[in-house]
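Reviewing the structure listed below.
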Number of protein chains: 2
Amino acid sequence: MVSNGSECRRLVKIGTLAQLAGVSTDTLRFYEKNGLLAPCSRNAAGYRLYSAREVQRIRFILSAKSVGFTLKEIHELLALEVRREQASCEDVKQLVDEKISVVRQRIAELQRIQGSLQILSDACCGGDEPASHCTILEALNAGPDERLATEE
Amino acid sequence: MVSNGSECRRLVKIGTLAQLAGVSTDTLRFYEKNGLLAPCSRNAAGYRLYSAREVQRIRFILSAKSVGFTLKEIHELLALEVRREQASCEDVKQLVDEKISVVRQRIAELQRIQGSLQILSDACCGGDEPASHCTILEALNAGPDERLATEE
DNA sequence: CTTGACTTTGGAGTAGACTCCAGGGTTTAT
DNA sequence: ATAAACCCTGGAGTCTACTCCAAAGTCAAG
Ligand SMILES: [Zn+2]
Ligand SMILES: [Zn+2]
Ligand SMILES: [Zn+2]
Ligand SMILES: [Zn+2]
């Protein structure tokens, strides 16, 4: 299935695509195994050959990765991208908005953690003497709930 | 090695400790395998027996977990807790402060991601019509660098 | 023609924090 | 005494996104 006649004129091998994209050949094969990026064709020896279309595609993948999408999510995005005509902006935007909400939650959780750690740090003298009296150790010993309760 | 005579009077089995701590027995065995929490002794049948000391210890572990420490880090914290006299507040506080800085970095990265996603979302009409013109798909197709460059 | 760089496959290993399972033995309540 | 509920061990499986490997075939330069 060499298919799209005009698309597959300037074909590159996996090493070249890897260099173009700034990833390893292993990564490209891994993406292929996961249905993200298939070569346009193979040569007689079985070498993978990629066309401009695939160069474009890996750019899309890496772009989506850089804004925090998982490979699974990128799979969905690619599905929409491929059949753009049948999909709607609504569909696309929904994926982005769901991701935003997950990211927000993770930020909130990390901020909570940061706050707790800061309270611990601030309460500790950080001095050279034995830690027998250390407020951090005491707070941790108090347990997760008591810690919050006795925070103030 | 049943050791500490007075410490091991009221002993509980693993299921009880699990309930007290709100974790599974599997988790307790996992923590033991990782050197975080060993039973005080075993009964004739080989059942794990835990004393108040271990109840305290799992409270410490869960407390540390709740403020974002990994099990590996908790291992270090426990080492300090156990030999409190030889350790200093400085040692303890350093672990907390290192963690704070890691958490800060992760928050920053997530905020960057959130910002990028928000830009994508805001630019998309989110409508019902075909996504052939969708700005999100276009932006992702532009690649990670171009996206940033043409953001404004 | 030879050497070295490149490519193929399948499969294993990594980190983190568990979870689940099989195939046993034990305890407890009735 | 018997069933339910508990406990033991060792090991495998989960999820993510790769990375590394060996053994073998292929291509390009000199
Ligand atoms: Zn101090
Ligand atoms: Zn201190
Ligand atoms: Zn639109
Ligand atoms: Zn759109």
Side-chain angles (χ1 to χ4, degrees), chain A residues 11-50 54 57-58 60-78 99 102-103 106 109-110 113 144, chain B residues 11-50 54 57-58 60-78 99 102-103 106 109-110 113 144:
Chain A
L11 301 172
V12 296
K13 286 183 289 190
I14 199 168
T16 311
L17 179 59
Q19 270 211 316
L20 282 175
V23 300
S24 72
T25 57
D26 272 332
T27 296
L28 292 178
R29 289 190 203 100
F30 174 75
Y31 285 172
E32 179 178 352
K33 198 161 47 183
N34 286 7
L36 293 177
L37 180 69
C40 148
S41 63
R42 300 276 189 135
N43 73 7
Y47 284 24
R48 290 166 176 82
L49 298 175
Y50 301 90
E54 282 79 42
R57 191 159 173 135
I58 184 106
F60 186 101
I61 292 170
L62 296 178
S63 191
K65 237 175 80 74
S66 81
V67 293
F69 284 107
T70 64
L71 297 190
K72 191 163 173 296
E73 288 160 348
I74 293 172
H75 208 300
E76 298 181 58
L77 282 170
L78 278 169
K99 190 73 193 180
V102 169
V103 170
R106 278 208 277 152
E109 168 71 355
L110 285 175
I113 283 173
Chain B
L11 301 173
V12 296
K13 285 184 289 190
I14 197 167
T16 311
L17 180 58
Q19 269 211 315
L20 280 176
V23 300
S24 72
T25 57
D26 271 332
T27 296
L28 292 178
R29 287 191 206 101
F30 175 75
Y31 285 173
E32 180 179 350
K33 198 160 49 183
N34 286 9
L36 293 177
L37 180 70
C40 148
S41 62
R42 300 276 187 135
N43 73 8
Y47 284 24
R48 291 167 176 83
L49 298 174
Y50 302 90
E54 282 79 42
R57 193 160 173 136
I58 184 102
F60 185 100
I61 293 169
L62 296 178
S63 190
K65 236 175 82 72
S66 80
V67 294
F69 285 107
T70 64
L71 298 191
K72 193 164 171 295
E73 289 159 347
I74 293 172
H75 209 303
E76 299 181 58
L77 282 170
L78 279 170
K99 191 72 193 180
V102 169
V103 169
R106 279 207 274 154
E109 168 70 356
L110 285 175
I113 283 174

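Naming: A, B, ... by sequence-line order, numbering from 1 per chain.
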ask   = A:L36 CG to D:dC18 C1': how many Å, rounded?
value = 13 Å
message = Taking 4.0 Å as the cut-off, does a side-chain nitrogen or oxygen of B:S24 come that near to OP1 or OP2 on C:dC18?
response = no
query = Atom NZ of A:K72 and atom P of D:dC18: how far apart are they, to the nearest Å?
reply = 16 Å
request  = Measure from the side-chain heavy atoms of B:D26 and tell me the nearest of C:dC6, C:dC18, C:dC20.
outcome  = C:dC20
request  = Just call it for B:K65: base, sugar-phosphate, or nothing, with non-hydrogen atoms closer than 4.0 Å on any strand.
outcome  = sugar-phosphate
Side chain of A:N43 - closest among D:dC7, D:dC18, D:dC27 = D:dC27
request  = Given side chain to side chain contact (heavy atoms under 4.5 Å, CB included), test A:L71 with A:F30 step by step and report yes or no.
outcome  = CA-CA 11 Å; A:L71 297 190; A:F30 174 75; 3.5 Å; yes
query = Atom CZ of B:F30 to atom C1' of C:dG16: distance rounded to whole Å?
reply = 7 Å
query = Is any side-chain heavy atom of A:K65 less than 4.5 Å from a side-chain heavy atom of A:I74?
reply = yes
task = Could you state the atom-to-atom distance from CG of B:N34 to P of C:dG16 in whole Å?
result = 11 Å
task = Starting at atom OH of B:Y50, determine the distance to atom P of D:dC8, rounded to an integer number of angstrom.
result = 7 Å
query = DNA chain C: A:G15 or B:A45, which has the more 5' nearest nucleotide?
reply = A:G15
Whole angstrom value for the distance that separates P of C:dT7 from CG of A:L28 = 10 Å
key: Closest to side chain of B:Y47, choosing from C:dT8, D:dC8, C:dA17   = D:dC8
Phosphate contact (D:dT19 OP1 or OP2) by A:T27 side-chain N/O below 4.0 Å = yes
query = Does the side chain of B:Y31 get closer than 4.0 angstrom to OP1 or OP2 of C:dC18 through an N or O atom?
reply = yes
key: Nucleotide C:dA17, atom C1' - distance to CD of B:E32 in whole Å   = 16 Å
note = Taken to the nearest whole Å, CG/B:L11 to C1'/D:dC7 is 16 Å
ask   = Are A:R106 and B:R106 side-chain neighbours, meaning at least one heavy-atom pair lies under 4.5 Å?
value = no
Rounded distance (nearest 0.5 Å) linking atom CD of A:E73 with atom CG of A:L77 = 7.5 Å
message = Between A:N34 (side chain only) and A:L36 (backbone N and O only), is there a donor and an acceptor less than 3.5 Å apart?
response = no
query = Base, sugar-phosphate, or nothing: which does A:R48 touch, judged by heavy atoms less than 4.0 Å apart?
reply = sugar-phosphate
N or O in side chain of A:R29 less than 4.0 angstrom from C:dG11 OP1/OP2 = no
query = Between A:L49 and A:K33, who's closer to the 5' end of DNA chain C by nearest nucleotide?
reply = A:L49
